[in-house]
Amino acid sequence: MPPEDPPAEGNLIYRQSIWTRATHWIWAICLFFLVLTGLQIFNAYPKLEIGIESGFEYDNAVFEIGARRIDDELQGYTRLFSQEFDTTGMLGVSNGEPRAFPAAVTIPSTRSLATGRVIHFFFAWVLVGTLAIWFIASLLNGHLHDLLPRGAGFRALGRDIADHARLRFHHGRTYGALQKLSYAGVMFVLMPLMILTGLSMSPWFNAVAPWLLDLFGGRPTARTLHFLVMLLLVGFFAVHILMVLASGPLNALRSMLTGWYRIDPAPEADAASPDRKED
Amino acid sequence: MSRTPIDRRTFLRRGLVGASSLALGGCQILDSATRQESTLRNVFESASGLTHRAQRALGGDQTLAREYSRADIRQSQHPNGSVWPTGEDYREMAQDGFADFALSVTGQVETPLTLSRDALLAMPARTQITRHDCVEGWSCIAEWTGVPLGHVLDRARPRPNARYAVFHCFDAIERSLSGPVYYYESIGMVDAYHPQTILAYAMNGAPLPIPNGAPLRVRVERQLGYKMAKYIHSIELVESFAHLGHGRGSYWADRGYEWYAGI
């Protein structure tokens with residue numbers, strides 16, 4: 001069983017600034033809508049390819065969801081490289097209709113590429129705007145510094161992984177090594193990759209920055225990467241929620257709502273230096 | 001076009017309204033955004049104006065779309081949308097290899113024009129190998145040859161109040177109670193005079209095939225495929241497109257797609 005919130009002896013500290021909290025929840029909303037409208041957009045051409053164009057007379061797809069009719073029965077299939085899977089009912093065919101991702105995970109639930117795009121680009125702008133605000137605020141208030149894994153953090157990585165594996169969580173003033181790595185990975189690698197691969201699908205942006213298209217290896221490749229990074233972000237979200245549940249959901253939720261976080265009782269003897277203690 | 005330009009403050013205010021109503025209502029509210037004139041949809045569409053403004057600020061007017069080499073043409077151009085206009089006048093013209101085709105240029109111009117197929121072929125031509133990006137998500141590379149639209153417009157001498165070039169087409173994707181709904185598109189004058197904006201009559205070194213828009217289609221290389229109207233019979237320069245279709249400037253814009261399709 002996951003441990004309960006830490007004992008009441010620990011002090012409440014003000015850990016998350018209003019900038020961190022507000023942007024956190026705005027991103028949560030943005031990612032929700034961006035992913036589900038993204039799946040709607042994907043459904044209009046349910047294939048991921050590698051190259052500078054789509055292969056109509058040759059095959060450069062690495063992933064494809066489709067439907068075919070076999071003996072008057074609709075069969076949904078999902079192909080990853082050359083491996084094909086029967087995914088009838090989930091992918092390819094759902095509710096008896098040919099449709100790549102099912103209605104339950106697309107916004108809007110009906111088939112509407114136009115609406116999906118309009119909502120996708122709206123939240124893309126909100127996400128980019130919020131990231132910019134967060135970046136400036138975090139640079140000024142030192143939060144950016146908290147996220148950057150440094151020497152001591154890396155040395156503690158092994159122990160931190162072992163502790164996480166045993167569901168033994170530390171609640172400290174600063175983030176642990178794994179937390180830093182995953183948050184920094186999302187903020188400094190996945191988010192920029194998401195934005196840049198998204199921009200690489202824009203013919204206007206291709207004219208502005210053709211080098212970016214070359215960097216990713218073509219528009220279909222950028223589209224494939226955009227999808228892959230989405231999967232990584234969804235994976236991060238799943239692990240993030242699991243970790244919050246496992247490490248004390250009320251404490252984590254309070255800190256992301258009010259800023260106040262209860263840390264573990266005073267450092268024990270094994271902590272090298274109290275002010276640099278990794279949680 | 002009153003709905004595209006929008007300042008940042010309006011965008012933020014509408015954004016807040018939008019975000020809060022979403023948090024309250026969840027997905028059910030979002031299905032209502034498929035309706036053209038819902039408030040929620042207007043909120044979301046406010047971002048499209050921002051995209052257009054960002055393009056003008058960042059892109060400059062004259063940046064060129066990537067041009068590819070012959071070696072990059074590995075297949076024929078994938079046709080989409082209408083591929084075979086059914087109108088009587090079009091079918092007759094097609095039987096004669098479009099010898100009788102003439103393009104008319106009308107609207108806010110000093111000199112309305114009618115240009116025969118031969119006259120178009122005799123004008124300076126540009127050939128470019130570019131990538132066609134469909135709104136659905138696919139891309140296809142082909143070589144296009146045609147008259148720069150700017151040459152044609154210069155001959156017609158646009159009036160100062162001409163803001164958009166509207167392309168009227170032979171093809172009708174659907175039929176309404178009052179008859180066929182003909183395809184139309186429009187672009188701003190900046191894109192109309194962009195060096196790569198051409199009225200293409202040839203593709204991959206051969207006359208433009210019917211599925212790809214014969215006798216004449218426009219190439220607008222920094223926007224998505226639906227802007228590049230096929231089967232064009234006339235170009236109308238207008239100050240506003242309020243009087244056309246549902247007033248949003250294009251067949252697909254009338255059906256909820258962005259008028260500005262650079263993204």
Side-chain angles (χ1 to χ4, degrees), chain A residues 25-26 29-30 32-33 36-37 41-49 51-58 60 103-104 106-126 128-129 198-199 201-210 213-214 218-220 222-223, chain B residues 11-12 15 18-19 22-23 27-28 30-35 40-41 43-48 50-52 54-55 58-60 63-66 68 72-78 131-141 196 220-224 252-253 255-258 260-263:
Chain A
W25 293 112
I26 295 174
I29 296 171
C30 285
F32 176 79
F33 289 111
L36 301 192
T37 52
I41 295 169
F42 173 91
N43 274 2
Y45 185 66
K47 246 188 203 189
L48 298 174
E49 300 152 318
I52 55 173
E53 66 169 354
S54 305
F56 291 102
E57 295 170 17
Y58 58 96
N60 60 345
T106 67
I107 286 179
S109 62
T110 50
R111 192 185 173 117
S112 175
L113 172 61
T115 309
R117 281 170 55 86
V118 164
I119 301 177
H120 197 76
F121 298 143
F122 175 86
F123 283 104
W125 272 110
V126 175
V128 168
L199 279 171
M201 285 184 261
S202 149
W204 142 61
F205 204 78
N206 292 161
V208 174
L213 201 63
D214 295 337
R219 186 176 188 257
R223 187 169 173 269
Chain B
F11 174 75
L12 287 174
L22 288 173
C27 298
Q28 223 172 357
L30 282 190
D31 278 356
S32 79
T34 52
R35 283 203 312 273
L40 193 63
R41 191 180 186 99
V43 170
F44 291 137
E45 284 185 349
S46 59
S48 170
L50 207 60
T51 310
H52 194 190
Q55 181 234 349
L58 266 177
T63 49
L64 294 182
R66 162 67 52 86
Y68 294 84
D72 295 323
I73 305 175
R74 295 180 59 189
Q75 55 191 354
S76 49
Q77 170 71 20
H78 181 68
R131 198 189 66 233
H132 182 98
D133 297 328
C134 179
V135 67
E136 293 170 0
W138 53 265
S139 306
C140 201
I141 293 171
Q196 288 172 321
V220 187
E221 303 291 0
R222 297 180 303 173
Q223 297 205 41
L224 295 176
W252 285 116
R255 280 148 192 82
Y257 287 86
E258 300 93 342
Y260 168 67
I263 190 158

[atom1]-[atom2] distance between [X] and [Y], expressed to the nearest 0.5 angstrom:
X	Y	atom1	atom2	result
I119(A)	E45(B)	CD1	CD	10.0 Å
I263(B)	N206(A)	CD1	CG	10.5 Å
S46(B)	W125(A)	OG	CH2	11.5 Å

Do [X] and [Y] touch side chain to side chain, with heavy atoms closer than 4.5 Å?
X	Y	answer
W204(A)	T63(B)	no
S48(B)	V118(A)	no
R66(B)	D214(A)	yes

(Q) At a 4.5 Å cut-off on heavy atoms, which part of S109(A) comes close to chain B: side chain, backbone, both, or neither? (A)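 Both the backbone and the side chain of S109(A) come within 4.5 Å of chain B.
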
Q: Give, as side chain, backbone, both or neither, the part of I41(A) having an atom under 4.5 angstrom from any heavy atom of chain B.
A: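 Answer is backbone: N, CA, C or O of I41(A) sit under 4.5 Å from chain B.
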
Q) Parallel, tilted or perpendicular for F44(B) and F123(A), by the 30°/60° rule? A)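 Ring orientation of F44(B) relative to F123(A): tilted.
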
Do you know which of [options] has the most heavy-atom pairs with chain B at a distance under 4.5 angstrom?
options	result
C30(A), S112(A), P203(A), P108(A)	P203(A)
T37(A), T115(A), I52(A)	T115(A)
E57(A), E49(A), K47(A)	E57(A)

Q. Under a 4.0 Å N-O cut-off, is there an ion pair linking E258(B) with R117(A)?
A.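 The answer is yes: the pair qualifies as a salt bridge.
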
Q) Relative to chain A, which segment of I141(B) carries a heavy atom at a distance below 4.5 Å: side chain, backbone, both, or neither? A)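 For I141(B), backbone and side chain are both near chain A.
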
Q) So what's closer than 4.5 Å to chain A heavy atoms on R74(B): side chain, backbone, both or neither? A)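 Its backbone and side chain both get close to chain A.
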
Q. Okay, side chain of E53(A), backbone of R131(B): is any donor-acceptor separation there less than 3.5 Å?
A.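 Looks like no, no N/O pair under 3.5 Å.
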
(Q) Whether the side chain of Q75(B) engages the backbone of S54(A) through a donor-acceptor N/O pair (distance < 3.5 Å, no angle test) should be reported. (A)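 Side chain of Q75(B) to backbone of S54(A), a donor-acceptor pair under 3.5 Å: yes, one is there.
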
Q: Decide yes or no on side-chain contact (heavy atoms from CB on, under 4.5 Å) for L50(B) and F121(A), but give the supporting numbers first.
A: CA-CA 10 Å; L50(B) 207 60; F121(A) 298 143; over 6 Å; no

Q. Considering residues, nucleotides and ligands other than R255(B), do more than 12 of their heavy atoms fall under 6.0 Å from its CZ?
A.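 Yes, the 6.0 Å shell around CZ holds more than 12 heavy atoms from other groups.
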
Q: Output the option from A65(B), C134(B), S76(B) having the highest count of non-hydrogen pairs under 4.5 Å with chain A.
A: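 Top count of heavy-atom pairs under 4.5 Å with chain A: S76(B).
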
Q. Pick from E221(B), R41(B), H78(B), H132(B): which one has the most heavy-atom pairs with chain A under 4.5 Å?
A.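 Winner by heavy-atom pair count: H78(B).
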
